[in-house]
Structures are given as C-alpha cells and as structure tokens.
Amino acid sequence: MDELSVPIQSLQPVWHNYRVTALDILRLDMLHPIISGNKWYKLKYNLQAALNSGSPALLTFGGGYSNHLAATAYACHLHQLPAVGIVRGNYPVLTPTLLQCRQWGMELRFVSSTDYQRKNEPGFIAHYFPDLEAAFMVPEGGDNELGRRGASLIAQMIPSKYSHIVVSCGTGTTLAGIRQGKYLASSVAASLTPEQNTNWTLHDDWHFGGFGKHTPELIQLMNNFFTVNGIELDVVYTAKMMAGLSHLLQSGYFRPSDRILCIHTGGLQGNASVANQLIWQQ
Ligand SMILES: *Cc1c(COP(=O)(O)O)cnc(C)c1O
C-alpha cells in the first residue's frame with residue numbers, strides 16, 4: 001500500500017443517540033503489519049537521516065510495550081541498519097513486544113525507570129552507554145522535527161470536508177504533524193501564525209488507568225467494535241480513542257452537520273498481551 005493512498009472507510013455506529021453527517025476512519029493500520037500506522041510516518045525521515053549520516057547504528061527509547069520500538073526494530077532490520085533500544089525498566093521475562101524487537105535484531109539495553117526519565121538530558125548516552133555515542137539518536141516515540149514532518153504527510157490524505165479529526169495521543173507528535181500539514185495546506189495559512197492556529201482540544205480523561213492499562217469495559221468495546229465494523233482496535237491507544245469519541249458523540253458534543261474523521265494509528269502488535277480476550281484472535 002502506498003503511504004499517501006491509505007483508505008478512508010465509514011464506520012457503522014456502535015453507539016446510539018447521536019447524529020453526525022459523517023463518521024469515518026483513516027486506516028493507517030492497513031499500511032504495514034509491523035511498521036504500523038503513525039509509526040511509519042514518524043520513522044520515515046528519521047530513518048533516512050540515520051542512513052545518510054553513516055552512523056554505525058540507530059538508537060532509540062521505549063517501554064516494554066512500545067509500538068515505536070517494535071516498528072523501529074523492524075524498519076532497521078529491513079534497511080540492515082543496526083538498532084539499539086534503550087528500555088525503561090527491567091524485564092527479566094521479555095514482553096512479546098521486546099521479544100519481537102530482539103528477533104528483528106534490535107539490541108536491548110535496560111535502564112531503571114528513574115534513570116530513563118533523564119534520557120533527554122545532554123550526556124545521558126555518554127554517561128550510561130559510552131559505546132553508543134556515535135549512534136544516530138531518535139527520541140522516544142519519534143518525537144522530533146523529522147517525526148513531525150513525517151506525520152504531516154498524513155494530512156495530505158485528509159479531505160477538507162471534515163470538521164473534526166480525532167487522533168490518539170502519546171507524545172503528541174502525530175497530532176502536531178497532522179496539524180502542521182493541515183495548516184500549510186490551508187488557504188488562510190498566509191494570514192495566520194502557527195500560534196494563532198489553536199483549534200484543537202486534548203481530551204485526557206480516557207486513559208483507563210494509565211498508559212498500557214485497561215479494563216474489562218475497554219476489551220468489550222474492542223470486541224463490539226470488531227463485531228460491528230470488522231476493524232481491530234489496539235488496547236493501548238485506538239480503543240481508548242473510540243471510548244472517548246463514543247462518550248463525546250453521546251453527550252451531544254458534536255453538531256448534526258459535523259463530519260468526523262478518526263485516525264486508526266495502528267499499533268495492533270501491542271494486543272499480544274490481551275490476545276486471549278479478543279474475539280478475532282480466538
Ligand atoms: C505510538 C502510538 C500513538 C501515539 O502517537 P504520538 O505521535 O506519540 O502521539 C497513537 N496510536 C498508536 C496506535 C500508537 O502506536
């Protein structure tokens with residue numbers, strides 16, 4: 001699939017008592033089974049820069065369930081670029097995600113959660129991993145200018161008829177990139193500074209207990225959504241986005257004239273830890 005022609009599909013309502021003109025989904029999850037969804041775009045220019053830099057390896061960061069680590073491991077494997085992942089915390093037993101990373105040749109280095117918090121400080125690598133100083137560094141989640149530039153490509157696939165774009169957020173790189181892309185494409189861009197262009201809202205009530213946490217209700221939403229739409233959601237991000245969206249729809253947040261586009265940012269590899277509860281994995 002071409003990275004600029006990902007399909008948009010309409011969703012069948014799983015929820016009742018709302019009316020909007022369109023409720024569609026951009027299926028970035030269909031782009032690639034492993035370098036999935038938004039990670040493909042955030043890695044694109046980082047990977048090119050790493051290859052052009054002649055660095056001996058690409059170095060990046062993530063937790064035990066990180067889609068970013070998995071996508072990076074696989075992308076580097078494809079390009080035969082050695083990859084190192086700095087992992088938050090210690091995993092005497094590797095998670096399914098970390099096992100995959102290692103299978104694709106990523107070298108894993110573990111640091112305590114406390115030390116991990118200091119990963120963006122200058123001298124972190126020199127102090128903890130002096131042998132990795134020459135590696136090309138990509139921040140956690142691909143959260144840098146190259147990542148945002150890649151994510152801004154997603155905006156090219158979003159027709160201007162939509163009144164709302166709904167996307168799940170981790171570092172916010174994807175949100176920032178899409179906004180950057182839409183902003184540049186907009187006819188009023190010439191007369192607005194980016195600071196004036198503030199029409200976005202963060203709904204942060206839908207974390208279900210925190211990153212990587214979930215509840216039986218969330219699993220049920222994923223199974224219902226699959227039954228009705230035939231689309232798999234991931235337990236870390238897109239299921240929570242749908243939970244939040246369903247609440248907004250039912251609480252009258254949207255007007256009947258609104259056209260909503262949800263972004264399926266992928267991340268389905270992260271479902272390995274809840275596979276036995278998902279109807280499509282039975
Ligand atoms: C990583 C990820 C996100 C978060 O993206 P950010 O750019 O860090 O905000 C959202 N959804 C899925 C499925 C992801 O894997």
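Each ligand, and each atom within it, is numbered from 1 in the order the structure gives. Worth knowing before you read on, the calculation uses all heavy atoms, side chains too, and leaves out hydrogens, waters and symmetry mates. Quick caveat, the model's predicted, so the values are computed rather than measured.
- A donor and an acceptor atom, one from each side chain of T238 and S168, are nowhere located under 3.5 Å apart.
- Between H68 and F61, the ring centre distance reaches or exceeds 6.0 Å.
- Note on E3 versus K44: salt bridge recorded, some NZ/NE/NH1/NH2 to OD/OE distance being below 4.0 Å.
- Ring centroids of H264 and Y237 are separated by 6.0 Å or more, keeping the two rings apart.
- Residue pairs meeting the ring-ring contact (aromatic ring centres under 6.0 Å, His included) criterion with at least one partner in residues 107-127, sequence neighbours excluded, are F124-Y128.
- Side-chain atoms of S36 and D29 form no donor-acceptor pair, as typed in the model, at a separation below 3.5 Å.
- Within 4.0 Å of ligand 1, the residues that place a heavy atom are N38, K39, K42, N67, S168, C169, G170, T171, G172, T173, T174, D234, Y237, T265, G266, G267, listed by chain and number.
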